[in-house]
Amino acid sequence: VQLQASGGGLVQAGGSLRLSCAASRRTFRTYNMGWFRQAPGKEREFVAAISWNGRSTYYADSVKGRFTVSKDNARDTGYLQMNTLKPEDTAVYYCAADPLSVGAVAAEYDYWGQGTLVTVSS
């Protein structure tokens with residue numbers, strides 16, 4: 001499965017962005033999906049995850065209540081809606097997918113997108 005992340009950009013603090021993660025194969029609809037981010041000089045960190053059928057979602061404490069992860073299996077696309085953005089949300093955001101794993105451990109995801117840059121200005 002190839003993943004293509006998009007939707008990043010420059011936004012002012014308090015603004016919103018929606019990231020998309022388009023998959024190349026229909027098998028994506030049976031895959032769990034995660035979002036991770038990496039800020040300059042920092043380790044990659046977990047942001048959010050969703051089970052293959054959308055019934056379970058998981059969030060890092062730092063984004064809970066502001067970000068929403070979703071998955072449209074009819075379109076083989078996942079989303080990360082980001083509201084009330086803060087300068088500390090600035091990072092390259094990556095989507096990931098896996099048929100078995102779902103959660104906060106990056107190493108458990110087999111497939112990764114190329115990343116999309118989100119910059120939040122103060």
Side-chain angles (χ1 to χ4, degrees):
V1 176
Q2 291 185 325
L3 304 175
Q4 179 77 33
S6 62
L10 174 63
V11 63
Q12 288 188 332
S16 298
L17 281 174
R18 188 177 78 157
L19 305 183
S20 298
C21 179
S24 61
R25 295 175 61 179
R26 285 191 173 183
T27 48
F28 179 73
R29 59 192 61 184
T30 65
Y31 283 30
N32 306 306
M33 186 186 71
W35 288 93
F36 294 79
R37 67 186 181 187
Q38 187 165 18
K42 295 189 176 181
E43 298 283 322
R44 187 172 298 190
E45 65 174 2
F46 169 73
V47 176
I50 186 168
S51 60
W52 69 273
N53 57 7
R55 292 179 182 172
S56 298
T57 56
Y58 310 86
Y59 296 94
D61 288 343
S62 58
V63 307
K64 204 170 292 183
R66 300 188 298 122
F67 290 12
T68 303
V69 61
S70 62
K71 196 167 179 276
D72 185 341
N73 285 337
R75 290 183 167 83
D76 298 317
T77 302
Y79 303 97
L80 183 68
Q81 177 67 44
M82 306 186 296
N83 297 329
T84 320
L85 282 161
K86 304 175 181 180
E88 51 264 43
D89 294 318
T90 295
V92 176
Y93 284 71
Y94 299 89
C95 60
D98 194 88
L100 297 177
S101 298
V102 59
V105 181
E108 294 182 351
Y109 289 84
D110 280 347
Y111 303 97
W112 288 82
Q114 85 290 359
T116 184
L117 176 62
V118 172
T119 303
V120 184
S121 63
S122 56

Practice prompt. Have a look at Arg29 and tell me which of Asn73, Asp76, Asn53 forms a side-chain hydrogen bond (donor to acceptor under 3.5 Å, both in side chains) with it.
Written response: Asp76

Worksheet entry | For the student: nearest non-hydrogen atoms of Ala97 and Tyr31, plus distance | CB-CD2, 4.0 Å

Fill in: Salt bridge present between Lys64 and Asp61 (N-O < 4.0 angstrom)
yes

Response to the item:
Heavy-atom closest pair (Tyr94 atom, Gly113 atom, distance to 0.1 Å) is CD2-O, 3.7 Å

Worksheet item: Angle class for the Phe67/Tyr93 ring planes (parallel below 30°, perpendicular above 60°, tilted otherwise)?
Response: tilted

Discussion item. Is there a side chain to side chain contact (heavy atoms under 4.5 Å, CB included) between Arg37 and Leu80? Walk through the geometry before answering.
Written reply: CA-CA 12 Å; Arg37 67 186 181 187; Leu80 183 68; over 6 Å; no

Item to complete: Find out if a path of hydrophobic residues (ILVMFWY) with successive side-chain heavy-atom gaps under 4.5 Å connects Ile50 to Val102.
Response: no

Worksheet entry | Separation between OG of Ser121 and CG of Leu85, rounded to the nearest 0.5 Å | 10.0 Å

Item to complete: Heavy atoms only: give me the nearest Ser16-Asn83 pair and the separation to one decimal.
Response: OG-OD1, 2.9 Å

Fill in: Atom pair CZ/CE of Arg66 and Met82 - distance to nearest 0.5 Å
9.5 Å

Discussion item. Count I, L, V, M, F, W, Y as connected when their side-chain heavy atoms are under 4.5 Å apart, and connections chain through other members. Are Val92 and Leu3 then in the same cluster?
Written reply: no

Worksheet item: What do the steps show when you test Ser20 against Arg75 for side chain to side chain contact (heavy atoms under 4.5 Å, CB included), and what is the final call?
Response: CA-CA 11 Å; Ser20 298; Arg75 290 183 167 83; over 6 Å; no

Discussion item. Would you say Leu17 ends up clustered with Val69 if hydrophobic residues are merged whenever their side chains have heavy atoms under 4.5 Å apart, either directly or through other cluster members?
Written reply: yes

Item to complete: Look at the side-chain heavy atoms of Ile, Leu, Val, Met, Phe, Trp and Tyr, link any pair under 4.5 Å apart, and say whether Tyr59 and Val120 land in one connected group.
Response: yes

Practice prompt. Check Phe46 against Gly103 and note the closest heavy-atom contact, atom names and distance.
Written response: CE1-O, 3.3 Å

Discussion item. Could you measure the distance from the OG atom of Ser51 to the CE atom of Met33? Nearest 0.5 Å is fine.
Written reply: 10.0 Å

Item to complete: Find the distance between CG (Leu100) and CG (Asp110) and round it off to the nearest 0.5 Å.
Response: 8.0 Å

Worksheet item: If you round to the nearest 0.5 Å, how far is CG of Leu19 from OH of Tyr79?
Response: 11.5 Å

Worksheet item: Do Trp112 and Val47 sit in the same hydrophobic cluster, where Ile, Leu, Val, Met, Phe, Trp and Tyr count as joined when their side-chain heavy atoms come under 4.5 Å apart?
Response: no

Worksheet entry | Heavy-atom closest pair, residues Gly8 and Thr116 | N-OG1, 3.0 Å

Worksheet item: Roughly how far, to the nearest 0.5 Å, is CG of Leu117 from CG of Leu10?
Response: 9.0 Å

Practice prompt. Examine Lys71 relative to Phe28 and say whether NZ or CZ is less than 6.0 Å from the centre of the six-membered ring and inside a 45° cone about the ring axis.
Written response: yes

Worksheet entry | Over 12 non-hydrogen atoms of neighbours within 6.0 angstrom of CD in Gln114 | yes

Item to complete: Return the minimal non-hydrogen interatomic distance between Thr77 and Ala22, and the atom names on each side.
Response: OG1-CA, 4.1 Å

Worksheet entry | side chain to side chain contact (heavy atoms under 4.5 Å, CB included) between Asp89 and Val118, worked out | CA-CA 8 Å; Asp89 294 318; Val118 172; 5.5 Å; no

Worksheet item: Taking the six-membered ring for Trp, is the centroid-to-centroid distance between Phe36 and Tyr109 below 6.0 Å?
Response: yes

